[in-house]
Amino acid sequence: MEIRHDEITSIIRKELEKYKVEMRTDEVGTVIQVGDAIARVYGLDDVMMGELVKFPEDVMGIVLNLEEDNVGVAIFGPDNPDRNIKEGDIVTRTGEVARVPVGKSLLGRVIDPLGKPLDGKGPIHTDKYRPLEANSPAILDRQPVKESLQTGIKAIDAMIPIGKGQRELIIGDRQTGKTALAIDAIINQKGKNVKCVYVAIGQRVSNVVSVATVLEKYGAMEYTTIVLASSLSTASLQFLAPYTGCAVGEEFMYSGENALIIYDDLSKHAQAYRQLSLLLRRPPGREAYPGDVFYIHSRLLERAAKLNDKLGGGSLTAIPIVETQAGDITSYVPTNVISITDGQIYLESSLFYSGIRPAINVGLSVSRVGGKAQSKAMRQVSGKIRLDLAQYNELLMFTQFGAEVDKTTQAQLMRGERMVEALKQDVYSPLPMARQVMFIYAGIKGYLDDIPTQTVRKFEAKLYEFIESHYPEIEKEIEGKQVLDEAVAGSLENALVKFKEKFVK
């Protein structure tokens, strides 16, 4: 077969036309100083704040300081992540801001702040990613907080109600039960279609293992994601952890679902940020914290919201935890977070050690969303509790001086003492709303007044058993209607009278 000259020329011409020279340029810099997981890099003139950069051996870092002649980079990794990085090493821009995998495939998993699994259950399969830093929803994108988020804790649901989309602070000294309250709230979301995220910042790994074990035991891990930056992690990872958790929760919110996120705790987050800031040579301010420690918490907590119906009506409820020193809520970080949130639950060590658990100080605790974030049935029975407890505490202080009191005051003291006992609750034992309503109703109507204080808890347990076996329709109606109408109240009164006769015998 003859091959013509012009055919060969045509084929070569076509192949040359297809050939394209692709040039790829990378903007690189040079490490000029490294230490304490912080690197100073020269030459990255166009790098962005918050951009990820790559060091040798695929070690990643995030840009936190932009200066005239260099940039400050926090290096990611376990302890001593900079041990293989030295002066003169090449640093490459990625052009990407920090982002993490999100979606339902993260439920039941334990991840680090970079989205890598820590639970040994294999890789996370998802094609969804969200940036760690994102704008909070605008005013017009939100709707008022009006839907109740039940924690299952009598004292909170009755007097300090939390609504979906709210930011409610838990504050108190160490070892006063702050984490236990948050875990109770997560356990109580079982069957309520609320996805949960627990962010552990600067915690011992053993503590987080205990939390995961408890959640697994009560079947809560199936709808929960744990983000862990342990005390062994670098300050940069501890700083990123809450933003990672928030990105995971936001995915559910923008998908029209409800999510609850626990930040445990923001005191350690502030300490990690202080460490980073001082290593980056930022000037310290009051109490040696950088001035923008307020900003890092406000931009985090403002992302919690209840979206309007056009955006799907999803919500992200934030419960940050802050640790105080010797009950001092006026120090720098606690006052910052108090001013950002919609209320606080204050746990007092003196109450905790006197056996009142949860050790909630009713006088210093508040929820600023009002009664809208509470079921109508609970609002009907709980209105008088705070007043009764406030009067009881005042009268108790008065009688400590040995003053004689009349019968009316004695009755108030007796009722207050029993209501304090009635609000005690075992850890990891959240109660359904209907049961809380029934027992609080019994308290305010005087059914506890003439029984010994030490038998109040027994009265409560037996009451639930009695109503479940003899009057199950009462609990169902309260749960279904979310209101205590005359018919249900009459049935409950009748049940209480019969149970009281039986209990006293």
> So S367 and Q166, side chain to side chain donor-acceptor pair (under 3.5 Å) or not? Walk me through it.
Replying inline: CA-CA 9 Å; S367 176; Q166 188 179 344; 3.0 Å; yes
>> The test is side-chain contact (heavy atoms from CB on, under 4.5 Å); show your working for F499 and F459 and say whether it passes.
In response: CA-CA 9 Å; F499 170 71; F459 181 97; 3.5 Å; yes
> Checking side-chain contact (heavy atoms from CB on, under 4.5 Å) for the pair V322/N336: CA distance, chi angles, key distance, verdict?
Replying inline: CA-CA 10 Å; V322 166; N336 278 348; over 6 Å; no
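Atom OG of S136 is separated from atom CZ of R303 by 8.5 Å, given to the nearest 0.5 angstrom. Between D265 atom CG and Q271 atom CD the span is 8.0 Å, to the nearest 0.5 Å. Between atom CG of residue L237 and atom CG of residue L240 there is a gap of 6.5 Å, rounded to the nearest 0.5 Å.
Enclosure of atom CZ in R281 is not indicated, since only 12 or fewer non-hydrogen atoms of other residues, nucleotides or ligands lie within 6.0 angstrom. Summarising the local packing, NZ of K424 is surrounded by more than 12 heavy atoms from other residues, nucleotides or ligands at distances under 6.0 Å. Crowding of D36 atom CG: a count of heavy atoms from other residues, nucleotides or ligands under 6.0 Å not exceeding 12. Residue-environment remark: NZ (K192) exceeds the threshold of 12 foreign heavy atoms within 6.0 Å. Heavy-atom contacts from other residues, nucleotides or ligands closer than 6.0 Å to CD of E394 number 12 or fewer.
For the side chain to side chain contact (heavy atoms under 4.5 Å, CB included) test with E168, the passing option among T151, I160, T341 is I160; the others fail. Results of the side chain to side chain contact (heavy atoms under 4.5 Å, CB included) test with Y243 over V100, V248, L300 single out L300 as the only residue that passes.
Using a 30° and 60° split on the angle between ring planes, F439 and Y464 fall in the perpendicular class, above 60°.
The six-membered or imidazole ring of H269 lies near that of F239, with a centre-to-centre distance under 6.0 Å.
Cation-pi geometry between R99 and Y129 is met: the NZ or CZ atom falls under 6.0 Å from the ring centre, inside 45° of the normal.
A salt bridge between K178 and D173 is absent, with no side-chain N of the basic residue lying under 4.0 Å from a carboxylate O of the acidic one. With salt bridges taken as basic N to acidic carboxylate O contacts below 4.0 Å, none links E147 and K372.
Contacts classified as side-chain hydrogen bond (donor to acceptor under 3.5 Å, both in side chains) and involving residues 349-365 (residues at least two apart or in different chains) are given here: E348-N361.
Between the side chains of D328 and T330, a donor-acceptor pair is found at a separation under 3.5 Å.
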